[in-house]
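To start, the structure under review is shown below, and the notes come after it.
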Amino acid sequence: MTNYDYLIVGSGLYGAICAHGLKNKGYKCLVVEKRDHIGGNIYTEEVEGINVHKYGAHIFHTSDKEIWDYVCGFAEFNNFVNCPVARYKNEIYNLPFNMNTFTKLWSDVFTPEQAEKRIAEERGKDFKKNPANLEEQAINLVGRTVYEKLIKEYTEKQWGKPCNELPAFIIKRLPVRFTFDNNYFNDRYQGIPVGGYTQIIEKMLNGVEVRLNCDFLEHREELSALAENIIYTGAIDKFYDYRFGALEYRSVRFETEILDMPNYQGNAAVNYTSADEPFTRIIEHKHFEFGKQPKTVISREYSSTWQVGDEPYYPVNDEKNNALYKKYAELAKEDKKLIFGGRLGTYKYIDMKDCVRTALDFLNKIS
Ligand code: FAD
Ligand code: UDP
């Protein structure tokens, strides 16, 4: 006889949605979390009256009404629209790449037609029919000037590799528009939960037993014996003790400071796209909720190569790593008791909307 129907490893968004849904279906769940708090990477904590996104800025966006309605059931979302700004040396540009960016880059460009023509001219010289890497893909999309000022050095800081060794899909996430629209996302719905993200996870886990500071891998045998099924949202390669080798990740170090001023940079996110600064971006957290506090909190983000023992943040979904992940996923199929989910469990560079979708799809399959 086991004590629980489901043991859920990880109290991030995926684990919490599963726990909430399974509890509502009448299943008994235990959530174990190795950190000293719930929420995974969407965790926010209050500092000087400001909700600080402790593991990186998180903006919720989706075009799927079911997902939007679902998350709005756990918090009220504000009308924040992500309009990051790029700083390249002493120049400031709007992102994503749009008419505001193009007219500032080129003093003789005023209209969409002129911008398209200018990019077509630049692209013409280097166009690749089947772009084989991020550099070729980026130049195809926006030409060499935008690539050199706003993409190349930022991407190389972010991923720690030259752009011609990175997969093309990474840059396809970014919109390119010939309108004066600084909205970073194309999605229908977007916002930040008023009061931060942690409350969402708290509400999801209400009435579910949670053990903090509990690393499943340190108590694998006792914990496994407690439940009929295990949902694992940690890293799949670590779960199997790296038996086929370690998957590659990028890690991030956040340097957070409280400043005695009301407004440091005038925007939630400023990307530093030149190699002159070692960090990729600075987040000023109060602007996510239009804060008027007398002080401000900023975080500089330094991207780094992940090594065993570091916190993995971004899976590196290139061919080599995807093939290695497949070997782990095949192995996982042999254990009927075990389900891998979430960003690390499925080794996918997914946004919150994808995380909600896959968790709800999983729940729908359970009677
Ligand atoms: P996680 O949040 O990583 O949760 C996994 C949990 O499992 C963690 O709490 C971890 O401590 C715990 N755990 C792991 N191993 C063990 C173990 N052995 N024992 C016990 N506990 C364990 N998405 C967006 O939609 N918009 C954004 O703006 C955005 N920005 C992002 C910025 C950064 C820097 C990062 C890294 C991600 C961003 N994302 C964003 C993606 C978003 O964070 C994920 O989609 C989502 O948080 C994934 O949730 P998860 O539950 O899969 O993983
Ligand atoms: N990117 C860039 N310049 C920027 C912002 C993004 O070149 O100012 C590239 C970079 O390669 C990055 C990718 O676009 O990895 C995707 O950016 P996004 O902001 O979606 O990344 P994330 O939010 O996941 O860090």
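Read the numbers this way: they start at 1 and go in the same order the structure lists the ligands and their atoms.
Close N/O approach between Val9 and ligand 1 is not found [any backbone or side-chain N/O within under 3.5 Å]. Taking distance alone, with nitrogen or oxygen atoms compared against 3.5 Å, Val252 stays at or beyond that limit from ligand 1. For a threshold of 3.5 Å applied to N or O pairs, the pair formed by Tyr154 and ligand 2 contains no separation below that value. For a threshold of 3.5 Å applied to N or O pairs, the pair formed by Leu150 and ligand 2 contains at least one separation below that value. Considering both main-chain and side-chain atoms, Thr273 never comes within under 3.5 Å of ligand 2 through any nitrogen or oxygen pair. For ligand 1, the polar-atom distance check against Glu33 finds a nitrogen or oxygen pair separated by under 3.5 Å. For Asn41, a nitrogen or oxygen atom sits less than 3.5 Å from a nitrogen or oxygen atom of ligand 1, counting backbone and side chain alike. The shortest N or O to N or O distance between Tyr314 and ligand 1 is not below 3.5 Å.
Looking at Tyr55 against ligand 1, only its backbone comes within 4.0 Å, counting heavy atoms. Both the backbone and the side chain of Ile170 come within 4.0 Å of ligand 2, judged by heavy-atom distances. Counting heavy atoms under 4.0 Å from ligand 1, residue Cys214 touches it through the backbone alone. Counting heavy atoms under 4.0 Å from ligand 1, residue Tyr232 touches it through the side chain alone.
In this structure, the separation between OG1 on Thr273 and OH on Tyr88 is 7.0 Å, given to the nearest 0.5 Å.
Given atom 19 (N) of ligand 1, the protein heavy atom at minimum distance is Phe216 N, 3.0 Å. Of the protein's heavy atoms, Gly10 CA, 3.1 Å lies nearest to atom 7 (O) of ligand 1. Annotation: atom 15 (N) of ligand 1 to nearest protein heavy atom, Gly234 CA, 3.5 Å. The nearest protein atom to atom 25 (O) of ligand 2, hydrogens excluded, is given as Tyr314 OH, 3.2 Å; this is a heavy-atom distance. Taking atom 4 (O) of ligand 1 as the reference point, the nearest protein heavy-atom neighbour is Gly12 CA, 3.5 Å. Scanning the protein heavy atoms around atom 49 (O) of ligand 1, the nearest turns out to be Cys355 SG, 3.6 Å. Ranking protein heavy atoms by distance to atom 5 (C) of ligand 1, first place goes to Thr233 OG1, 3.7 Å.
When the options Tyr147, Tyr272, Trp159 are ranked by their closest heavy atom to atom 15 (O) of ligand 2, first place goes to Trp159. With distances taken over non-hydrogen atoms, the option nearest atom 4 (C) of ligand 2 out of Asn271, Ile151, Thr280, Asp351 is Asn271. Of the listed options His219, Arg250, His58, His58 places a heavy atom closest to atom 39 (N) of ligand 1.
Ligand 1 is never approached by Phe239 to a heavy-atom distance shorter than 4.0 Å. Residue contacts with ligand 1 leave out Phe60, since none of its heavy atoms falls under 4.0 Å from the ligand. Val32 counts as a contact of ligand 1, since one of its heavy atoms falls under 4.0 Å from the ligand.
Electrostatic pairing of Glu209 and Arg211 counts as a salt bridge here, judged by a charged N lying under 4.0 Å from a carboxylate O. Note on Glu311 versus Arg253: no salt bridge recorded, every NZ/NE/NH1/NH2 to OD/OE distance being 4.0 Å or above. Salt bridge status for Glu156 with Lys152: present, with a side-chain N to carboxylate O gap under 4.0 Å.
Contact annotation for atom 53 (O) of ligand 1: protein absent (non-hydrogen atoms, distance under 4.0 Å).
Trp306 has its ring centre no less than 6.0 Å from the ring centre of Tyr313.
Both the sub-6.0 Å distance and the 45° axial angle are not jointly satisfied by Lys54 relative to the ring of Tyr43. Because its NZ or CZ atom is not both nearer than 6.0 Å to the ring centre of Tyr349 and within 45° of the ring axis, Arg250 does not count as a cation-pi partner of that residue.
With ligand atoms numbered from 1 in the order given, ligand 1 contributes 17 (C), 18 (N), 19 (N) to contacts under 4.0 Å with heavy atoms of Asp215. Near Ile171, the atoms of ligand 2 lying under 4.0 angstrom from a non-hydrogen atom of the residue are 9 (C), 14 (O). Close approach to Ala57 involves these atoms of ligand 1, each under 4.0 Å from a residue heavy atom: 27 (C), 28 (O), 29 (C), 30 (N), 31 (C), 32 (C). Residue-ligand proximity, Ile42 to ligand 1, at heavy-atom distances under 4.0 Å covers atoms 47 (O).
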>> For Glu248 and Asn321: C-alpha separation, side-chain torsions, deciding distance, then whether side-chain hydrogen bond (donor to acceptor under 3.5 Å, both in side chains) applies.
In response: CA-CA 7 Å; Glu248 211 179 331; Asn321 286 294; 3.0 Å; yes
>> Between Tyr93 and Glu91, does the side-chain hydrogen bond (donor to acceptor under 3.5 Å, both in side chains) criterion hold? Intermediate values first, please.
In response: CA-CA 7 Å; Tyr93 295 98; Glu91 299 162 23; 2.5 Å; yes
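In this structure, Ile258 belongs to a hydrophobic cluster whose other members, linked by side-chain heavy atoms under 4.5 Å apart, are Val47, Ile50, Val52, Val297.
Two different hydrophobic clusters hold Ile283 and Leu259 under the rule that ILVMFWY side chains link at heavy-atom gaps under 4.5 Å.
Although no hydrogens or angles enter the test, the distance criterion places no donor-acceptor pair under 3.5 Å between the side chain of Lys149 and the main chain of Leu105.
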Contacts under 3.5 angstrom, residues 96-103 side chains, donor-acceptor by atom type, not counting sequence neighbours:
from, atom 1, to, atom 2, distance (Å)
Asn98, OD1, Asn100, N, 2.8
Asn98, OD1, Asn100, ND2, 3.1
Asn98, ND2, Pro96, O, 2.7
Asn98, ND2, Asp181, O, 3.3
Asn98, ND2, Asn182, OD1, 3.0
Asn100, ND2, Asn182, OD1, 2.9
Thr101, OG1, Asn94, O, 2.7
Thr101, OG1, Pro96, O, 3.4
Thr101, OG1, Asn98, N, 2.9
Thr101, OG1, Asn98, O, 3.1
Thr103, OG1, Met99, O, 2.8
Thr103, OG1, Asn100, O, 3.4

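A donor-acceptor contact under 3.5 angstrom links the side chains of Asn183 and Gln190, judged on distance only. Donor-acceptor pairing under 3.5 Å is recorded for the side chains of Asn263 and His287.
Under a cut-off of 6.0 angstrom, the local environment of NZ in Lys117 is sparse, with at most 12 non-hydrogen atoms contributed by other residues, nucleotides or ligands. In this structure, Lys326 places its NZ atom where only 12 or fewer heavy-atom neighbours from other residues, nucleotides or ligands lie under 6.0 Å away.
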